[in-house]
Amino acid sequence: MNRAARTGTGGFTLVEVLVAVTVFALLATAAYTGLDSLTRALDAQRERSERFAQLQRTITQLDRDLRQLVSRTGRDGRGRPLPALAADRDGLLGRRAGWSNPAALPRSALQQFRWQLRGGVLVRESWFQVDDDPASTPVAAQPFGSADGLQFRFLDTAGQWHSSWPIGDDLRRLPRAIEYQLSWSGIGTVRRIHAL
């Protein structure tokens with residue numbers, strides 16, 4: 001009799017095992033769904049953070065270039081003078097001061113640079129010499145990420161805005177202010193004005 005009593009209470013029935021497996025499967029599915037949603041949200045946030053960091057680096061470099069513009073003309077490949085700032089709504093070519101020279105190379109502290117939007121990628125190019133032909137291959141071409149648009153405007157001494165520069169015959173003259181609008185994928189549009 002003891003033996004019969006022990007065999008009846010010593011294990012789980014098939015129904016109990018199936019219920020336990022079903023409950024475990026439901027909990028595992030809920031946990032996986034939650035973990036998957038969390039992982040996707042984390043990936044999306046990481047991507048937004050990387051785009052925002054790219055935008056910050058871009059604005060920092062562009063602002064630095066505009067703040068350090070100098071009234072220094074250049075030369076093209078045929079020796080003809082280039083304006084201190086040659087720009088239209090979509091791009092900008094200029095010369096800036098403050099190019100650090102930690103290796104004490106025999107070169108100027110001025111740098112010729114160009115900002116341009118090419119195929120949806122914002123690119124900053126620079127040349128080793130201030131008078132290098134802008135049609136020549138730049139020393140550095142740094143892509144700054146995907147952008148939807150880049151537009152410049154230039155304020156003259158009379159307070160009028162222009163979509164290109166230079167205006168008139170004075171190639172050394174810089175505008176009083178430069179405005180740019182940078183449309184960045186997934187973030188929006190940044191508008192900044194720099195007084196020169």
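Computed from heavy atoms alone, side chains included, the values below leave out hydrogens, waters and symmetry copies.
- Side chains of Leu85 and Leu92 form a contact here, defined as non-hydrogen atoms less than 4.5 Å apart.
- If you run side chain to side chain donor-acceptor pair (under 3.5 Å) between Glu125 and each of Gln112, Gln116, Arg114, only Arg114 comes through.
- To the nearest 0.5 angstrom, Leu171 atom CG is 11.5 Å from Trp165 atom CH2.
- Here the shortest heavy-atom pairing between Asp170 and Pro166 reads O-CB, 4.4 Å.
- The aromatic ring centroids of Trp115 and Phe144 lie less than 6.0 Å from each other.
- A donor-acceptor pair under 3.5 Å links the side-chain atoms of Ser71 to the main chain of Arg172, judged by distance alone.
- Across Ser136 and Asp132, no two heavy atoms sit closer than the pair OG-CB, 4.4 Å.
- Looking at residues two or more places apart in sequence or on another chain, you find a side chain to side chain donor-acceptor pair (under 3.5 Å) between Asp148 and Ser185.
- Using a distance-only test at 3.5 Å, with no hydrogens or angles considered, no donor-acceptor pair links the side chain of Trp184 to the main chain of Gln54.
- Between Gln181 and Thr189, the closest heavy-atom pair is CB-CG2, 4.3 Å.
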Exercise. Verify side-chain hydrogen bond (donor to acceptor under 3.5 Å, both in side chains) between Gln45 and Arg48, making sure each step is shown before the conclusion.
Key: CA-CA 5 Å; Gln45 180 60 35; Arg48 278 191 298 274; 3.1 Å; yes

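- From Leu150, atom CG reaches atom CG of Leu117 across 6.5 Å, with rounding to the nearest 0.5 Å.
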Quiz item: Under the side-chain contact (heavy atoms from CB on, under 4.5 Å) criterion, do Val17 and Thr13 qualify, and how do the steps go?
Solution: CA-CA 6 Å; Val17 170; Thr13 65; over 6 Å; no

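- Pairs passing the side chain to side chain donor-acceptor pair (under 3.5 Å) check and including a residue from residues 23-35, sequence neighbours excluded, do not occur.
- For Arg95 (side chain) and Ala84 (main-chain N/O), a donor-acceptor pair under 3.5 Å exists by modelled atom type.
- A 4.5 Å side-chain heavy-atom check between Ile187 and Arg51 finds at least one atom pair inside the cut-off.
- Considering all non-hydrogen atoms of both residues, Leu110 and Ala97 come closest at CD2-CA, 3.7 Å.
- Remark: Asp169 CG is loosely packed, at most 12 non-hydrogen atoms of other residues, nucleotides or ligands lying under 6.0 Å away.
- Under the 4.5 Å side-chain heavy-atom criterion for ILVMFWY residues, no single connected hydrophobic cluster contains both Val130 and Leu69.
- Panel note: side chain Arg96, backbone Gln111; no donor-acceptor pair is recorded below 3.5 Å.
- Using a 4.5 Å heavy-atom threshold, the side chains of Phe113 and Leu62 count as separate.
- The side-chain heavy atoms of Ile193 and Leu155, taken from C-beta on, include no pair separated by under 4.5 Å.
- Considering every non-hydrogen atom in both Leu66 and Leu196, the closest pair reads O-CD2, 3.3 Å.
- Remark: Arg153 does not engage Asp88 in a salt bridge, criterion side-chain N to carboxylate O under 4.0 Å.
- Here the shortest heavy-atom pairing between Phe154 and Ala87 reads CZ-CB, 3.2 Å.
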Self-check item: side-chain contact (heavy atoms from CB on, under 4.5 Å) between Leu38 and Leu42, intermediate numbers included
Solution: CA-CA 6 Å; Leu38 186 63; Leu42 182 63; 5.7 Å; no

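- By the neighbour-count criterion of 12 heavy atoms within 6.0 Å, atom CZ of Phe128 is densely surrounded, having more than that number from other residues, nucleotides or ligands.
- Counting heavy atoms from C-beta outward, Leu82 and Arg75 have side chains that stay 4.5 Å or more apart.
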Practice problem: Would you sort out whether Arg176 and Asp156 count as a side-chain contact (heavy atoms from CB on, under 4.5 Å), showing the intermediate values? | Solution: CA-CA 6 Å; Arg176 281 181 45 201; Asp156 66 13; over 6 Å; no

Exercise. Output, in order, the C-alpha distance, side-chain angles, deciding distance and verdict of side-chain contact (heavy atoms from CB on, under 4.5 Å) for Arg191 and Leu182.
Key: CA-CA 6 Å; Arg191 178 179 173 257; Leu182 179 59; over 6 Å; no

Practice problem: I would like to know whether Asp43 and Arg46 meet salt bridge (Lys or Arg N to Asp or Glu O under 4.0 Å); could you show each step before the answer? | Solution: CA-CA 5 Å; Asp43 288 343; Arg46 185 177 298 125; 3.2 Å; yes

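- Proximity of Asp131 to Arg72: side-chain heavy atoms (C-beta onward) are separated by under 4.5 Å at one or more points.
- Remark: Arg192 does not engage Glu179 in a salt bridge, criterion side-chain N to carboxylate O under 4.0 Å.
- The pair Arg124-Asp65 meets the salt-bridge criterion, since a charged nitrogen lies less than 4.0 angstrom from a carboxylate oxygen.
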